[in-house]
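Written out below as structure tokens is the structure these notes cover.
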Number of protein chains: 2
Amino acid sequence: MTTPSPTVFVVDDYAPVRRSISRVLHAAGFAVAAFASAEEFLAQYDPRTLGCLVLDLAMPTLDGLELQDILAKAGSVLPIIFLTGTADIPKSVQAMKHGASDFLTKPVNDEDLLSAVRVAFEKNRSVRQQQTELSEILARLATLTPREREVLEYVVTGKLNKQIAGDLGTVEQTVKVHRARVMQKMRVRSVAELVRLTQRCGISAR
Amino acid sequence: MTTPSPTVFVVDDYAPVRRSISRVLHAAGFAVAAFASAEEFLAQYDPRTLGCLVLDLAMPTLDGLELQDILAKAGSVLPIIFLTGTADIPKSVQAMKHGASDFLTKPVNDEDLLSAVRVAFEKNRSVRQQQTELSEILARLATLTPREREVLEYVVTGKLNKQIAGDLGTVEQTVKVHRARVMQKMRVRSVAELVRLTQRCGISAR
DNA sequence: TTCCGCATTATACTAAGGTATAATAGACAG
DNA sequence: CTGTCTATTATACCTTAGTATAATGCGGAA
């Protein structure tokens, strides 16, 4: 299993634009993969790939905004740089509201494009970093038994062992055992660290 | 000292637009304050006022984007809904990147405007809510002595009293005293709660 | 100088958390 | 049916944390 290398995906139905953009990006040292339609891109795209997407707004079948929607619903965090030849303000605003990294107009200035791509790469790197940390935490959480998980939630709200025991209808010693396993499985050595971890994944919202 | 009531601020250099927009908003039950220029608005605006700003993009002296900049630098969280008669994509994108709540085109549909204003009001309400909570926490932090503050930072990283004492070059009992005062002044009863509070204001970033 | 806030230290005790060891019991998979 | 996982409980002991009380020293403000 090969990990795909960071790539700029270019999706535009107009071949000269694809070529021109690909050339500029390639000359700047980026790996580029160009597609003539959103469908082609979706068929090829490996979500694990780092990078960003340079996306034409107006395309025949699936347009840019629709692809943005599809990717978002699929949980993608690939930053999108839109390109458009038409001056459609509402669409640019919608794209930005939905999290587009940037929105450029054709003909696009080379430096603007490269700068946008660099920003997008950095965003992607940072989001992936956070995702990695989050999934590490979730992996640890997954090793907890239901009871341990329950105890965890009480612990991070600052409850005492005896209170937890009372609420769970058991005794303090039982709670201590679960609690010790929680600390061990979550790989922390203090309640403070535990609270930090769990804060990052929405636990303990009470 | 009267607390200003939630208001839609309208800034547009063209009187008919001001009137038309004010009328629509007023009819929908919003308090409205209209200004013919960014300067006039700045002279009158009380940052404590809740609401939002409906702002014309192109104006003679200070334009919309510049006002957005000024407000942002002043720490304003007043949501801005831009209005524009021209189809300038780069400006719409810049406005959105800089945190505009929405960006509408003239002539603006009444329902679009009202809906944008409602969204902006809600954003403002929510941000203010968070600001209030944050300032409450900061107020408590401000009551800590330098030493207590120092101890706080160690506590929320999960350090033991003896470790803290060692690092601060003092003894455990001293740390206990400071620690007790910290818990009292921050009005929490467990380390978990303390970590929660401090997480919200950037403390303990180590 | 005197009062007060701050930091410090000490003694003493209580409460709570953490660890080790061991045993029991139900559920479920092989 | 047997072994493993999970949950439970108990005993015992040690480490930390929390609290109360008291006292000392320092530096700035009145």
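Throughout, a chain's letter reflects where its sequence line sits, starting with A, and its residues are numbered from 1.
If you take CZ of A:Arg181 and P of C:dT21, they are 14 Å apart, rounded to a whole angstrom. Between A:Arg189 atom CZ and D:dT16 atom P there is a gap of 12 Å when expressed in whole angstrom units. One interatomic measurement links the two molecules: CD of B:Glu150 to P of C:dA7, which rounds to 9 Å at whole-angstrom precision. To the nearest angstrom, P of D:dG27 lies 15 Å from CZ of B:Arg147. Distance NZ (B:Lys159) to P (D:dT15): 21 Å, rounded to an integer number of Å. C:dG5 atom P lies 22 Å from atom CZ of B:Arg149, rounded to whole Å. Whole-Å rounding puts the B:Lys162 NZ to D:dC14 P distance at 14 Å. If you take CD of A:Glu172 and P of C:dG18, they are 11 Å apart, rounded to a whole angstrom.
Regarding contacts with the backbone of D:dT19, every side-chain N or O of B:Lys176 stays at 4.0 angstrom or more from both OP1 and OP2. At C:dC6, none of the side-chain N or O atoms of B:His178 fall inside 4.0 Å of OP1 or OP2 (strictly under the cut-off). Considering only side-chain N and O atoms, A:Asn161 lies under 4.0 angstrom from the phosphate OP1 or OP2 of C:dG17.
The side chain of A:Arg179 lies closest to C:dG17, out of C:dG17, C:dT19, D:dA7. The side chain of A:Gln173 lies closest to D:dT11, out of D:dT11, C:dA16, C:dT8. Proximity note for A:Leu160 (side chain, C-beta onward) versus C:dT8, C:dA16, D:dT8: the nearest is C:dA16. Side chain of A:Val171, nearest nucleotide from D:dT16, D:dA7, D:dA10: D:dA10.
No salt bridge links A:Arg118 with A:Glu122; every basic N to acidic carboxylate O contact stays at or beyond 4.0 Å. Classification of A:Asp12 and A:Arg19 as a salt-bridged pair fails, no side-chain N sitting under 4.0 Å from a carboxylate O.
Across all strands shown, B:Thr145 has heavy atoms under 4.0 Å from sugar-phosphate atoms exclusively, and none from any base.
For the pair A:Ser135 and A:Thr132, the tightest heavy-atom approach, listed with the atom from each and the gap, is OG-O, 3.0 Å.
B:Ile89 places a side-chain heavy atom less than 4.5 Å from the side chain of A:Phe103.
A donor and an acceptor atom, one from each side chain of A:Thr143 and A:Lys185, are nowhere located under 3.5 Å apart.
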